[in-house]
Asker: 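Once you've had a glance at the structure underneath, I'll fire off some questions.
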Amino acid sequence: ILNVEQSPQSLHVQEGDSTNFTCSFPSSNFYALHWYRWETAKSPEALFVMTLNGDEKKKGRISATLNTKEGYSYLYIKGSQPEDSATYLCALGIGDKLIFGTGTRLQVFP
Amino acid sequence: SQTIHQWPATLVQPVGSPLSLECTVEGTSNPNLYWYRQAAGRGLQLLFYSIGIDQISSEVPQNLSASRPQDRQFILSSKKLLLSDSGFYLCAWSMRTDTQYFGPGTRLTVL
């Protein structure tokens with residue numbers, strides 16, 4: 001059974017703080033790593049897809065890196081804002097399927 | 001542009017009653033379709049996925065079934081609900097191994 005792990009489980013930060021969280025996955029037979037943001041009362045929204053070792057993606061204040069050899073990805077948020085409060089999910093792409101981690105729940109206080 | 005619809009948004013059902021959740025996609029042809037469940041305090045678990053009409057793969061043994069009677073319609077069913085079927089159900093679509101796009105979800109409470 002493939003295991004995708006995320007840490008920490010939850011995070012509380014002050015507005016303006018920068019933060020990062022980790023997604024760990026089995027490094028063998030890697031295909032793709034996805035990041036999603038899931039806000040309360042909304043659908044999960046795709047942030048990034050990364051496929052190559054060393055990939056870095058950026059969208060505004062959010063960026064992500066990928067290390068397929070050691071099996072981890074980092075998501076960074078620079079200068080967190082209250083609207084960044086959400087659960088951040090990573091998912092390992094295996095063929096047509098995604099195997100999701102349990103998510104990191106981020107709460108940003110004004 | 002593509003849109004995905006799910007209904008109902010919320011549902012409260014007694015134990016032992018049947019279930020039918022529907023998902024439809026517009027603006028694309030022959031998508032992959034997926035059903036996920038998030039149980040309380042847990043992550044997103046893939047229940048079923050489909051690469052075409054009447055082609056369904058089940059990921060976990062359970063009390064649920066899925067059907068795809070039309071290209072852009074995906075239905076999740078149960079003949080008799082259990083308490084453990086409570087959760088948040090999400091439908092998603094993708095073009096093969098690409099990004100998945102999620103519907104608004106259905107919150108099911110089984111009492």
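On a predicted model such as this, the values are computed, not experimentally measured, just so you know. By convention in this document, chain letters (A, B, ...) are assigned in the order of the sequence lines, proteins followed by strands, and residues within each chain are numbered from 1. Keep in mind that the numbers below use all heavy atoms, side chains included, and drop hydrogens, waters and symmetry copies.
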Asker: Check for me, please, whether Phe88(B) and Tyr101(B) land in the same ILVMFWY cluster - side-chain distances under 4.5 Å, paths through other members count.
Answerer: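 No; Tyr101(B) is not reachable from Phe88(B) via cluster members.
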Asker: Indicate if Ile62(A) and Trp35(A) have the same hydrophobic cluster label, given that clusters are the connected sets of ILVMFWY residues with side-chain heavy-atom separations under 4.5 angstrom.
Answerer: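 Both belong to a single hydrophobic cluster.
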Asker: Considering non-hydrogen atoms only, spot the tightest contact between Pro104(B) and Ser43(A) and give its length.
Answerer: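 Closest approach of Pro104(B) to Ser43(A), heavy atoms only: CA-OG, 3.3 Å.
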Asker: Against chain A, label Leu90(B) side chain, backbone, both or neither, depending on which of its atoms sit under 4.5 Å from a heavy atom there.
Answerer: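 For Leu90(B), the side chain is the part near chain A, not the backbone.
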Asker: Is there a chain of hydrophobic side chains (I, L, V, M, F, W, Y, each step under 4.5 Å between heavy atoms) that links Leu47(B) to Trp38(A)?
Answerer: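 Hydrophobic grouping puts Leu47(B) apart from Trp38(A).
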Asker: Would Gln100(B) and His34(A) count as a side chain to side chain contact (heavy atoms under 4.5 Å, CB included) if you check the C-alpha gap in whole Å, the side-chain angles of each, and the deciding distance to 0.1 Å?
Answerer: CA-CA 9 Å; Gln100(B) 292 184 17; His34(A) 298 245; over 6 Å; no
Asker: Just do the side chain to side chain contact (heavy atoms under 4.5 Å, CB included) check on Tyr36(A) and Phe102(B) with the steps written out, would you?
Answerer: CA-CA 11 Å; Tyr36(A) 284 82; Phe102(B) 288 85; 3.6 Å; yes
Asker: I'd like to know which of Leu98(A), Ile94(A), Thr102(A) tops the heavy-atom pair count under 4.5 Å against chain B.
Answerer: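 Of the options given, most contacts go to Leu98(A).
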Asker: Taking atom CD of Gln9(A) as the centre, report whether more than 12 heavy atoms of other residues, nucleotides or ligands fall under 6.0 Å from it.
Answerer: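 Count not over threshold, so no.
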Asker: With only heavy atoms counted, which part of Leu89(A) is less than 4.5 Å from chain B, the side chain, the backbone, both or neither?
Answerer: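 The answer is the side chain of Leu89(A).
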Asker: Where on Gln45(B) is there a heavy atom nearer than 4.5 Å to chain A: the side chain, the backbone, both, or neither?
Answerer: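 Neither; nothing under 4.5 Å.
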Asker: Should the heavy atoms of other residues, nucleotides or ligands under 6.0 Å from OH of Tyr31(A) be counted, would the total exceed 12?
Answerer: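 Atom OH in Tyr31(A) is not crowded, with 12 or fewer foreign heavy atoms closer than 6.0 Å.
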Asker: Any chain of hydrophobic side-chain contacts (each under 4.5 Å) joining Tyr36(B) to Leu108(B)?
Answerer: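 They do not share one cluster, since no chain of ILVMFWY contacts under 4.5 Å joins Tyr36(B) to Leu108(B).
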Asker: Report which part of Ile4(B) has an atom under 4.5 Å of a heavy atom belonging to chain A: side chain, backbone, both, or neither.
Answerer: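 For Ile4(B), no heavy atom lies under 4.5 Å from chain A.
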Asker: One pair to check against side chain to side chain contact (heavy atoms under 4.5 Å, CB included): Phe100(A) and Gln38(B). What are the steps and the verdict?
Answerer: CA-CA 11 Å; Phe100(A) 280 89; Gln38(B) 185 192 36; over 6 Å; no
Asker: Identify whether Tyr72(A) and Leu33(A) are in the same connected component of the hydrophobic contact network (ILVMFWY, side-chain heavy atoms under 4.5 Å).
Answerer: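 The answer is no; the residues belong to distinct hydrophobic clusters.
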Asker: Measuring from atom CG of Asp96(A) to atom CG of Leu33(B), what distance do you get when rounded to the nearest 0.5 angstrom?
Answerer: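 So the gap between those two atoms works out to 11.5 Å.
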